[in-house]
Amino acid sequence: MDKILVHICCGVDAVWALRKIKEEFENSEIKGFFYDPNIHPEEEYELRWIETKRVCDSLGIECIKGEYDVENWLERVKGYENEPERGERCTICHDIRLERSAKLAKELGFNKFTTVLMMSPKKDFQVLKNVGEEIAGRYGLEFLAIEFRKGGGIEKMNKLSKEQQLYHQNYCGCIYGLFKQREGLDIIPELVSFGKGRLPGSREELLFVKQIRAYAESRGIVCDEQTFEFINWRVVSSVLKVGKEHISHTVLPYSSSVKGVLRARVDRILDREDKRVVKLNKTNTEIWVLDTGLREIPLEEPRFLTNPVLIVGKEYADMFETGKKVEIQLKTEFDYNAKSQNLVIGSLSALEKIFFYSDTLSDGTGGYRFEEIIGAINQNERDIVRGEKAIIVLGAETFGKLGRRAYKKLLEEQAIGHSL
Ligand code: SF4
């Protein structure tokens with residue numbers, strides 16, 4: 001019996017390609033191998049892995065997760081950073097991934113290997129075939145050069161990936177390709193890290209949702225994701241110094257940027273019912289000292305650009321005295337194509353719903369832990385499978401409760417009477 005190891009780069013490329021391999025080689029043993037050391041950043045790598053595993057699980061194909069040896073990959077492509085896509089760097093990148101796959105195939109005692117990279121319309125089939133066959137020759141294996149795209153393969157891939165609600169990445173994977181693709185932009189959103197947080201519309205929020213979905217599906221529970229679009233606002237960078245000390249802070253949503261470096265002094269301190277407002281001289285930028293967390297500020301009504309407001313906890317209240325020197329740097333931006341998603345675990349028509357949300361504040365507080373939601377799935381599994389209960393994970397809660405609005409709209413559209 002033939003044993004085929006299939007190198008997999010992402011769920012989308014695998015969703016039709018694996019079916020085709022199963023069809024064409026029905027009496028063979030097929031195993032997947034996710035090997036993507038080229039992917040940047042690591043959250044993106046994890047996202048592609050989760051989606052790859054979902055696809056493999058749905059087809060009953062075991063998939064091995066390769067090592068994320070990104071340093072080795074960067075070393076190997078040194079000197080080719082500025083190559084265009086499909087250039088010399090890509091050939092080396094294919095080489096690295098196929099060579100590692102061939103090595104594993106040999107170790108596992110497989111006799112054939114292939115790659116779903118041949119599915120992608122952005123990849124050169126002939127180049128992949130040449131690389132694959134050359135490597136196969138060295139390892140005493142056969143490389144299967146399969147024309148996945150023939151016979152409407154791309155349409156089938158798109159249809160299946162839509163049906164399975166797979167994450168569809170918008171760049172090939174490496175940092176150099178991304179630099180080229182985003183040339184001219186001040187900031188490359190894909191490379192912005194939100195630290196510990198899962199901000200609305202961020203990759204971290206999506207990864208969290210995908211991890212929960214993968215778990216629920218592994219328990220045989222049907223899931224549905226509804227993606228919604230919104231105009232996002234985010235902090236690109238911010239610094240707050242009082243005297244020489246850096247102060248940890250958050251930024252009020254929809255704050256505008258501060259031009260350059262703002263150096264001012266504390267002018268007045270106003271005690272309001274819910275906060276202390278620190279007014280600075282020569283500027284409309286404010287600092288709010290809150291007893292409670294940022295979550296307590298009602299964000300229901302989007303303000304769309306306020307004066308810059310930085311928020312600190314009450315432990316810093318004593319630092320702000322009249323005349324004290326303050327330094328602020330703040331860059332914020334809007335993203336007009338932001339997306340978040342709600343996840344329905346079980347049936348939308350279940351009478352009892354348990355609600356969670358997927359996002360957090362930028363410091364990682366104010367949200368749910370993965371274990372909490374998994375615990376709720378485990379505890380209610382029987383009722384969820386019976387259609388009596390459902391778990392709803394809402395997106396973009398900290399951003400004007402956008403997930404809730406999208407969810408309500410969905411209920412109305414589907415004419416389901418009960419709501420939140
Ligand atoms: S653009 Fe894609 S194929 Fe080319 S080097 Fe980067 S990740 Fe590899």
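Both ligands and their constituent atoms are indexed starting at 1 by order of listing.
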- Cation-pi between Arg48 and Tyr171: NZ/CZ under 6.0 Å from ring centre and within 45° of the ring axis? yes
- Task: With sequence neighbours excluded, tell me which residues meet side-chain contact (heavy atoms from CB on, under 4.5 Å) with Ser101.
- Result: His7, Phe33, Phe113
- Residue shell around ligand 1, heavy atom under 4.0 angstrom: Asn38, Trp73, Glu85, Arg89, Cys90, Cys93, His94, Arg97, Cys172, Cys174
- Message: Checking Trp49 now: which residues fulfil ring-ring contact (aromatic ring centres under 6.0 Å, His included) with it, not counting sequence neighbours?
- Response: Phe34
- Message: Could you check whether Arg198 makes a cation-pi contact with Phe208, meaning its NZ or CZ is under 6.0 Å from the centre of the six-membered ring and within 45° of the ring axis?
- Response: yes
- Do Asp2 and Asn27 pass the side chain to side chain donor-acceptor pair (under 3.5 Å) test, and can you show the C-alpha distance, the side-chain angles, and the key distance before you say yes or no? CA-CA 8 Å; Asp2 279 331; Asn27 295 317; over 6 Å; no
- Item | Where at least one partner belongs to residues 213-225, residue pairs that pass side-chain hydrogen bond (donor to acceptor under 3.5 Å, both in side chains), sequence neighbours excluded | Arg54-Glu217, Gln165-Arg213, Gln165-Asp224, Lys210-Glu225, Arg213-Glu217, Arg213-Glu225, Tyr215-Asn378, Arg219-Glu381, Asp224-Gln226
